[in-house]
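Shown next, in structure tokens, is the structure this report addresses.
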Protein chains: 2
Amino acid sequence: MAGRQRTGTPTLEDVAALAGVGRGTVSRVVNNAAGVKDSTRRAVERAIAELGYVPNHAARSLAGRRADAVALVVTEAEWRLFGEPFFAETVRAVSDALADSGMHLLLTLVRGAAERRRFVEYARGGRVDGVLLVSAHGGEPLPDMLAELGIATVLLGRRSADEPVSYVDVDNVGGARTAVRYLLGSGRSAIATITGPLDMYVAQCRLRGYREALGRGTERDAAPAPGAPDDSWVAEGDFTEESGRRAMRELLARHPGLDAVLVASDTMAAGAVHALRAAGRRVPDDVAVIGFDDFPLAQHIHPRLTTVRQPVDEIGRALVRLLLEELEDSAVAWRHVVLRTELVRRDSA
Amino acid sequence: MAGRQRTGTPTLEDVAALAGVGRGTVSRVVNNAAGVKDSTRRAVERAIAELGYVPNHAARSLAGRRADAVALVVTEAEWRLFGEPFFAETVRAVSDALADSGMHLLLTLVRGAAERRRFVEYARGGRVDGVLLVSAHGGEPLPDMLAELGIATVLLGRRSADEPVSYVDVDNVGGARTAVRYLLGSGRSAIATITGPLDMYVAQCRLRGYREALGRGTERDAAPAPGAPDDSWVAEGDFTEESGRRAMRELLARHPGLDAVLVASDTMAAGAVHALRAAGRRVPDDVAVIGFDDFPLAQHIHPRLTTVRQPVDEIGRALVRLLLEELEDSAVAWRHVVLRTELVRRDSA
DNA sequence: CTGAAAGCGCTAACAC
DNA sequence: GTGTTAGCGCTTTCAG
């Protein structure tokens, strides 16, 4: 394949010649380095404008040994999940957070061993300065591979309780606990839950929060605990709508009298609502549903659902901040941030 | 900011030394160039494996004048739309189509003049070989800017009837026509439509197809035309659910007797169904709804909606093919591809 | 403060 | 077939 780059593009040298200075000076001006006389700087800037000079990325990257880009990697075999609002929102948030830093965002999917290997080569090739990793399941090896290669990496969501690699996570236990307490406080007591895939730590945490609120009532503002429900009140889904529907049917079959459900995702909540309706239950009057993720799908299905909102913009900012910090001083300890969630009530509307 | 690249990474030269050959030979092996003795090739490969050599991208890019990456640009001020299934699906399809070519995908948002400028600089910096552009509204200047700079560009969706820049589009007129004919053929006659933003050519085309089917019945298998409806049967949305809802309410107010609606997107169809239900109409028994885009949202709302499916995978493949062709021979004429759509009937289920 | 010079790691053209 | 060489355009010392 022949060279692709437009030829005749002005180079730093052209600018230097036109401005009557050396290349080094132009470089300093372009990079806003201190120690250039103001008049010189202006002359160079004029030349740059006149020539329409734009720095060549490859050269800069080669000389400066950096890429000015970070990869956002989605390790999710089920790409369909990328359609989930949570991913789209995350991409947007990260993109926004990155905008000021001058870095560019590279979106990459890793859906299996082959693509994982391919991405590692890619990263090793120096095309990114760091990696943001979303949707890592329990045993995902990519973060460790990257860490071993010395590539700055930050996860959105831990893989396990003792995640070593840097991460940003939300307080899933607390969010679920708050949701269930709210239900208890509003008079519901037969409360079931639909979890995410239990090989994901996020799903385990939400389940734990549910159990804590029901079984213990450890904190003083907690409603009276009705005793921990057994596993028949728990159904596992995989974050898809269909799984939410199926899980809800199971729960209804086992406990026709249930009057509230905590669902681990927006999409599954939509499925659960369908199943409830099909069973002739009124939502949320007859059965209260609380879904995680304050996003559109479940709201389409029923606008009065209560949700546990994840602060996506803050997640994005935190991810970028951690990554930049890691790039600054590669000495490092791992960095961890856990963000609070927020209950958004709509069912009283 | 200090250099970021891991240091001590083996270079081509290290490989050459270890294998006891020259750099050129290693380069040939790495690039699968012909004309290397088999034994030599194997020796080099062994050295590569032993050292864990990975080519440095920046150097390759600088010397070879290409980036091995293409940008997928979404020019959409309303980023929220990125959450739409159509975008997620498009990203996936393009990503898949690109996988074989060894190129990488770069996702970029352009939400206004500032970001547009920024992206042009980015592209001029030689960081991408070509650009795929999605969701261009009528007056979007980016494609022309890129074309002028000699950057290979392919649009998904024309901006107007006489789009000059290379594009892949689907047969929106035909799709809408087919849908309306299907409605006519099944005994509906009071047919309204909810369009997309009419500053987008795609929306204009779908509206035209609707009008052609109703007003003319030009082809022999067309059902009897009831005469072209006036503008009161047309409501404009912006592809969001809320706009679909509002548009449907307007249409119902103007024409309580309508018995079918053609909706220009999946999401708006979901909104329309909500509005119909709220008005006490049964869907699709009482009112038939056809939405464009065979995607999940409207199906969540009502599983029996008929849809016009856009062949997303083929779109992805076509986009990539056109772009690669353009990269191969930069001589070029513009290349245009229009894909067929397909009616997917579900309302008889 | 500024110019000159030495690479960054690779490709491609040209010798041998 | 294979080694050698000249850059690609920029950053970064190092002198002045």
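All of these numbers come straight from a predicted model, not from anything done at the bench. A note on names: the letters A, B, ... follow the listed sequences, proteins ahead of strands, and every chain is numbered from 1.
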Quick one: [X] [atom1] to [N] [atom2], roughly how many Å, whole number?
{"X": "B/Asp14", "N": "C/dG9", "atom1": "CG", "atom2": "C1'", "value": "10 Å"}
{"X": "A/Glu13", "N": "C/dA5", "atom1": "CD", "atom2": "P", "value": "12 Å"}
{"X": "B/His57", "N": "D/dC8", "atom1": "NE2", "atom2": "P", "value": "19 Å"}
{"X": "A/Arg127", "N": "C/dC8", "atom1": "CZ", "atom2": "P", "value": "21 Å"}
{"X": "B/Asn31", "N": "C/dG9", "atom1": "CG", "atom2": "C1'", "value": "13 Å"}
{"X": "B/Ile48", "N": "C/dC10", "atom1": "CD1", "atom2": "C1'", "value": "13 Å"}
{"X": "B/Asn56", "N": "C/dG7", "atom1": "CG", "atom2": "P", "value": "18 Å"}
{"X": "B/Asp68", "N": "D/dC8", "atom1": "CG", "atom2": "P", "value": "20 Å"}

Which nucleotide in the set [options] lies at the smallest distance from any side-chain heavy atom of [X]?
{"X": "A/Ser27", "options": "D/dT11, D/dT2, C/dT2", "value": "D/dT11"}
{"X": "B/Leu12", "options": "C/dC10, C/dG3, D/dG9", "value": "C/dC10"}
{"X": "A/Lys37", "options": "D/dC8, D/dG9, C/dT2", "value": "C/dT2"}
{"X": "A/Arg60", "options": "C/dT2, D/dT11, D/dG9", "value": "D/dT11"}
{"X": "B/Tyr53", "options": "C/dC10, D/dC10, D/dG3", "value": "C/dC10"}

inquiry  = Let's go through B/Tyr167 and B/His336 carefully: what are the C-alpha distance in whole Å and the side-chain angles of both, what is the deciding distance for side chain to side chain contact (heavy atoms under 4.5 Å, CB included) to 0.1 Å, and is it a yes or a no?
reply    = CA-CA 5 Å; B/Tyr167 64 79; B/His336 301 158; 3.3 Å; yes
ask   = What closest approach, in Å, do B/Ala43 and B/Ala19 show between heavy atoms, and which atom pair accounts for it?
value =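 That would be O-CB, 4.1 Å.
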message = So which atom in B/Val73 and which in B/Val131 form the shortest heavy-atom distance, rounded to 0.1 Å?
response =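 So the two residues come closest at CG2-CG1, 3.7 Å.
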request  = Give the C-alpha distance, both sets of side-chain angles, the deciding distance and a yes or no for salt bridge (Lys or Arg N to Asp or Glu O under 4.0 Å) between A/Asp38 and A/Arg42.
outcome  = CA-CA 6 Å; A/Asp38 237 39; A/Arg42 265 194 299 277; 3.4 Å; yes
ask   = For the base of D/dG3, is there a side-chain donor-acceptor partner from B/Arg28 under 3.5 Å away?
value =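 Counting by modelled atom types and ignoring angles, a donor-acceptor contact under 3.5 Å is found here.
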inquiry  = Base of D/dT4, side chain of B/Arg23 - is there a donor-acceptor contact under 3.5 Å?
reply    =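 Checked by distance alone, the answer is no.
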message = Is the phosphate of C/dT2 approached by A/Thr40 (side-chain N or O, under 4.0 Å from OP1 or OP2)?
response =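 A/Thr40 to C/dT2 OP1/OP2: side-chain N or O found under 4.0 Å.
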Pairwise 5' ranking along DNA chain C for A/Gly22 and A/Ala63, keeping only the more 5' one =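 First, find each residue's nearest nucleotide; the 5'-ward one identifies A/Gly22.
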message = On DNA chain D, does the nearest nucleotide to B/Ala59 precede the nearest nucleotide to B/Asp38 from the 5' side, or the other way round? Give the residue.
response =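 In this pair, the answer is B/Asp38.
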query = Looking at B/Asp169 and B/Arg158, does any basic side-chain N land under 4.0 Å from a carboxylate oxygen?
reply =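 Yes, charged N to carboxylate O under 4.0 Å.
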Touch class at under 4.0 angstrom, heavy-atom based, for B/Val21 against every strand present =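 Here B/Val21 touches the backbone only, sparing every base.
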